[in-house]
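In each ligand, atom 1 is the first atom listed, and ligand 1 is the first ligand listed.
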Amino acid sequence: MLIVRKNLREMIMTIPEVLTKMIAFSDGNIHDIDHLIRVWTYAKTIGELENVDKETLFIIEAAAITHDIACPLCREKYGNTEGKYQEEEGKKLVRDFLSDTDMREDQIDRISFLVGHHHSLNDIDGIDYQILIEADYIANAIENSYEKKNIEKFISSIMETKSGIKLVKDIFMI
Ligand SMILES: [Fe+2]
């Protein structure tokens with residue numbers, strides 16, 4: 001039994017391991033940690049409700065946890081966390097971050113692509129990308145008290161998943 005568990009563990013880094021690694025990386029920044037946990041929770045919830053397959057759910061969760069990995073670097077290097085800088089720096093940083101894990105190259109490629117596009121609303125090319133965008137928007141709308149008309153516009157122009165739309169409507173009483 002022990003051997004089987006060890007072999008399973010060696011197959012892939014688990015989501016709780018990605019989460020604890022990312023929390024350690026966040027250097028005690030409670031705002032960043034709260035945000036990533038919020039985005040992860042919504043992304044996982046939407047993913048499961050939309051019945052995505054296990055592999056896709058893993059990518060969604062890992063990307064949600066790491067999506068803002070470049071924020072500390074961007075604050076220091078550029079003095080702000082503008083989306084384009086974050087995408088550019090984030091796609092490289094997340095590769096380094098995951099390089100000592102046992103994730104497959106294609107998984108790291110997709111997570112890096114998602115982190116590198118999470119502010120780009122025109123390139124959405126898959127359910128993982130769609131769910132990351134929706135979950136990040138929900139978290140940002142909560143944290144920054146977005147106006148109702150902004151939220152309504154996002155629902156009608158960007159949101160696609162039934163469960164994401166229901167969540168947003170329930171949270172913001174729309
Ligand atoms: Fe975010």
For Asp68, the N, O or S atom at the shortest distance from the Fe ion (ligand 1) is OD2
Under 3.5 Å, is there a donor on one side chain and an acceptor on the other for Ser112 and Asp109? no
Compute the centroid of each ring, for Tyr146 and then for Tyr137, and state whether the two points are separated by less than 6.0 Å. yes
The N/O/S atom of Asp136 lying closest to the Fe ion (ligand 1) is OD1
For Glu87, is there an ion pair with Lys84 - N to carboxylate O distance below 4.0 angstrom? yes
Please find out if the Fe ion (ligand 1) and some N, O or S atom of His35 are separated by less than 2.8 Å. yes
Using the six-membered ring wherever Trp is involved, compare the ring planes of His67 and His35 and label them parallel, tilted or perpendicular (cut-offs 30° and 60°). tilted
